[in-house]
Amino acid sequence: PAAWREPGARPAELLTPDATPHDHATELAATIEHLGLPGLLTRRAEIAHLVEDEGVTYGSSRSQRRWRLDPLPVILDQASWSHLEAGLMQRARLLDLMMADLYGPRNLLRHKVVPPEVILAHPGFVRAADGTSVPGAHQLVLTATDLARAGDGRWCVISDRTAAPSGAGYAIQARRIVGRVLPGLYRDTRLHRLRSFFDTLRLALRDVAPRTAEAPRVVILIPGPSEQTPFDHAFLATLLGYPLVTAEDLTVRGGRVYLRSLGRLEPVDVVLRRLGDLDADPLELRADSDLGVPGLLEAVRRGTVSVVNPIGASVLESPALAPYLDAATRALLDEEPLLASVPTRWCGDDASRRWVLERLDDLVLLPVVRSPGAP
């Protein structure tokens with residue numbers, strides 16, 4: 001696909017066009033004025049020290065990098081946040097219904113709302129997972145959306161994350177660090193608290209457990225040394241109260257997933273996976289993967305374990321879907337989209353490809369498959 005590079009100046013998050021602070025940013029503006037440049041540089045150094053002291057890193061053990069955190073937060077007023085929240089909720093509902101449809105009746109493809117090649121030719125569409133689903137009302141427990149502001153100030157969607165969305169741990173840790181470095185700003189600003197997110201996630205994971213599970217056991221399956229967000233996973237496990245496990249900790253016996261624990265096997269009902277689709281089961285998917293659990297997909301088929309997000313969800317991350325999401329919103333939700341995607345054309349369509357080739361200098365070209373470890 002190819003997307004327009006958005007022209008125009010970036011909107012100011014702090015100041016209005018007449019150089020006065022926005023009403024919702026007066027406390028932040030006052031803090032900046034009070035600290036001045038020396039104070040801001042001092043706060044930046046304090047944050048860097050805290051990030052290092054807390055061990056907040058990004059990247060695998062072979063290429064670990066310190067997390068970068070700006071001391072000045074982006075503050076949204078209630079009206080802006082309400083619109084953004086509604087748009088993100090709609091986007092999550094859309095992706096959830098698309099997951100159910102693409103691995104079920106495939107009405108979006110039958111009715112040509114989405115070209116079949118966009119889905120069926122994408123490596124993220126896992127044919128071995130066709131017809132599988134998790135119990136409950138939703139297939140996707142977690143979604144994440146990358147956003148940017150257009151030149152006119154509107155929010156637009158850059159991409160979606162549906163396979164193993166990360167970042168919740170980083171978000172709450174960033175809030176904690178900024179609260180320590182700028183306590184007055186933290187205290188005087190009306191904040192939406194983040195802790196309730198983890199309480200809701202804990203309940204959602206229990207809700208997707210197989211109906212036969214009376215007291216569901218949940219584990220968080222991580223890649224191990226190759227994982228890109230080890231701090232995020234560790235923080236998530238601490239807040240949720242679920243153990244981090246690797247493939248070596250799990251085994252499948254008789255179509256049931258078990259956790260090796262103190263010389264005995266304990267049944268597992270829900271696996272929150274933090275690794276890619278094709279790495280999840282070397283028996284049926286990527287044979288050379290040493291990150292997944294052999295037999296995991298068969299256990300999913302038998303309904304003895306729920307894997308979330310479901311194996312095959314990465315097909316929803318394809319940038320080639322962007323041109324068709326507005327139509328999918330109308331088809332599945334009977335609603336108009338609240339958040340626009342960055343204008344995108346899929347080069348698998350002849351007319352779109354010709355259009356793109358005539359404007360290459362003005363466009364950003366993206367592959368339909370994100371490379372491993374890409375942001």
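These numbers come from a predicted model, not from an experiment.
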> What residues form a ring-ring contact (aromatic ring centres under 6.0 Å, His included) with Phe125, not counting sequence neighbours?
Tyr103
> Taking all non-hydrogen atoms of both residues into account, name the closest pair between Asn309 and Arg273 and its distance.
O-NE, 2.7 Å
> Is there a chain of hydrophobic side chains (I, L, V, M, F, W, Y, each step under 4.5 Å between heavy atoms) that links Leu76 to Leu185?
no
> Would you check if Leu250 and Tyr258 make a side-chain contact, meaning some heavy-atom pair closer than 4.5 Å?
no
> If you define the side chain from C-beta out and look only at heavy atoms, does anything of Arg354 sit under 4.5 Å from Asp350?
yes
> Closest approach of Arg154 and Ala340, non-hydrogen atoms and distance?
NH1-CB, 4.5 Å
> Between Leu109 and Leu97, is there a shared hydrophobic cluster once you connect ILVMFWY residues whose side-chain heavy atoms come closer than 4.5 Å?
yes
> Nearest 0.5 angstrom please: Leu278 CG to Ser289 OG, how far?
9.0 Å
> Hey, could you give me the OG1/CG distance between Thr143 and Asp96, rounded to the nearest 0.5 Å?
8.5 Å
> For Gln90 and Thr329, run side chain to side chain contact (heavy atoms under 4.5 Å, CB included): C-alpha distance rounded to whole Å, both residues' side-chain angles, the deciding distance at 0.1 Å, then the answer.
CA-CA 9 Å; Gln90 182 191 63; Thr329 303; 4.1 Å; yes
> Ignoring hydrogens and geometry beyond distance, is a side-chain donor-acceptor pair present between Ser159 and Asp146 at under 3.5 Å?
yes
> Quick one: CG on Leu201 to OH on Tyr242, what's the gap to the nearest 0.5 Å?
7.5 Å
> Count I, L, V, M, F, W, Y as connected when their side-chain heavy atoms are under 4.5 Å apart, and connections chain through other members. Are Leu84 and Met89 then in the same cluster?
no
> Hey, what do you get for CG (Asp326) to OG (Ser341), rounding to the nearest 0.5 Å?
6.5 Å
> With a 4.5 Å heavy-atom cut-off, do Val270 and Val219 have their side chains touching?
no
> At their closest point, which heavy atom of Pro310 faces which heavy atom of Leu140, and how far apart are they?
CD-CD2, 4.1 Å
> Which side-chain N or O atoms in residues 297-308 pair as donor and acceptor under 3.5 Å with protein atoms at least two apart or in another chain?
| from | atom 1 | to | atom 2 | distance (Å) |
| --- | --- | --- | --- | --- |
| Glu298 | OE1 | Arg301 | NH1 | 2.8 |
| Glu298 | OE2 | Arg302 | NE | 3.1 |
| Arg301 | NH1 | Glu284 | OE2 | 2.9 |
| Arg301 | NH2 | Ala128 | O | 3.2 |
| Arg301 | NH2 | Glu284 | OE1 | 2.4 |
| Arg301 | NH2 | Glu284 | OE2 | 3.3 |
| Arg302 | NH1 | Gly254 | O | 3.2 |
| Thr304 | OG1 | Gly255 | O | 2.6 |
| Thr304 | OG1 | Ala299 | O | 3.3 |
| Ser306 | OG | Val208 | O | 2.5 |

> What is the minimum heavy-atom distance between Asp349 and Ser352, and which atoms define it?
OD2-N, 2.9 Å
> So, Asp199 and Arg202, do they make that salt bridge, N to O below 4.0 Å?
yes
> Salt bridge or not for Arg217 and Glu266, using N-O below 4.0 Å?
yes
> Hey, is Arg161 close enough to Glu317 for a salt bridge, meaning N to O under 4.0 Å?
no
> Report the hydrophobic cluster partners of Leu338, with the cluster defined as I, L, V, M, F, W, Y residues connected by side-chain heavy atoms closer than 4.5 angstrom, directly or transitively.
none
> Can Gln78 and Ser82 be said to form a side-chain hydrogen bond (donor to acceptor under 3.5 Å, both in side chains), step by step?
CA-CA 6 Å; Gln78 185 59 50; Ser82 295; 3.0 Å; yes
> Go through the steps for Ile222 and Val245 under the test side chain to side chain contact (heavy atoms under 4.5 Å, CB included), then give the verdict.
CA-CA 6 Å; Ile222 60 175; Val245 302; over 6 Å; no
> Between Ser166 and Asp232, does any side-chain donor sit less than 3.5 Å from a side-chain acceptor?
no
> Could you tell me whether His233 atom NE2 has more than 12 heavy atoms of other residues or ligands within 6.0 Å of it?
yes
> Around Asp334, counting heavy atoms of other residues, nucleotides and ligands shown, do more than 12 lie under 6.0 Å from its CG?
no
> Going by an N to O cut-off under 4.0 Å, is there a salt bridge joining Asp279 and Arg274?
no
> Hydrophobic clustering (ILVMFWY, side-chain heavy atoms < 4.5 Å, transitive) - are Leu142 and Leu339 grouped together?
no
> Give a yes or no on this: more than 12 heavy atoms of other residues, nucleotides or ligands lie within 6.0 Å of atom CZ of Arg180.
no
> Any side-chain heavy atom of Pro210 sitting closer than 4.5 Å to one from Thr212?
yes
> Are any non-hydrogen side-chain atoms of Tyr186 and Leu191 less than 4.5 angstrom apart?
yes
> Return the CG to CG distance between Asp269 and Leu259, rounded to the nearest 0.5 Å.
11.5 Å
> Donor-acceptor pairs under 3.5 Å, side chain of residues 24-36 to any protein atom, not counting sequence neighbours: which ones?
| from | atom 1 | to | atom 2 | distance (Å) |
| --- | --- | --- | --- | --- |
| His24 | NE2 | Ile75 | O | 3.2 |
| Thr26 | OG1 | Asp23 | O | 3.4 |
| Thr31 | OG1 | Glu27 | O | 2.9 |

> With a 4.5 Å heavy-atom cut-off, do Val257 and Leu296 have their side chains touching?
yes
> Going through the checks in order, is the salt bridge (Lys or Arg N to Asp or Glu O under 4.0 Å) test met by Glu335 and Arg93?
CA-CA 11 Å; Glu335 297 173 2; Arg93 288 188 291 124; 3.1 Å; yes
> Going by atom type alone, with no hydrogens or angles, which donor-acceptor pairs under 3.5 Å involve a side-chain atom of residues 169-179 and a protein atom two or more places apart or on another chain?
| from | atom 1 | to | atom 2 | distance (Å) |
| --- | --- | --- | --- | --- |
| Tyr170 | OH | Thr57 | O | 2.6 |
| Arg175 | NH1 | His192 | O | 3.1 |
| Arg175 | NH2 | His192 | O | 3.4 |

> Should Arg127 and Asp130 count as an ion pair when the cut-off is N to O under 4.0 Å?
no
> Salt-bridge test for Asp101 and Arg106: reply yes if a basic N is under 4.0 Å from a carboxylate O, no otherwise.
no
> Restricting to side-chain contact (heavy atoms from CB on, under 4.5 Å), what partner residues turn up for Leu360, sequence neighbours left out?
Val356, Leu357, Leu365
> Taking the side chain as every heavy atom from C-beta outward, state whether Val126 and Leu285 have any pair of such atoms under 4.5 Å apart.
yes
> Give a yes or no on whether Leu120 and Val315 share a hydrophobic cluster (residues Ile, Leu, Val, Met, Phe, Trp, Tyr; joining criterion: side-chain heavy atoms under 4.5 Å apart).
yes
> Check step by step if side chain to side chain contact (heavy atoms under 4.5 Å, CB included) holds for Val113 and Tyr324.
CA-CA 7 Å; Val113 178; Tyr324 311 103; 5.6 Å; no
> Should Leu272 and Leu221 count as side-chain neighbours, where that means a heavy-atom distance under 4.5 Å?
no
> List the atom of Met99, the atom of Leu316, and the distance in Å for their closest heavy-atom pair.
CB-CD1, 4.0 Å
> Looking at Leu236, is its backbone amide N or carbonyl O close enough to the side chain of Thr238 to form a donor-acceptor pair, meaning the two atoms are under 3.5 Å apart?
no
> Check whether more than 12 heavy atoms from other residues, nucleotides or ligands sit under 6.0 Å from atom CZ of Arg44, and answer yes or no.
no
> CG of Leu102 to CG of Leu321: how many Å apart, nearest 0.5 Å?
7.5 Å
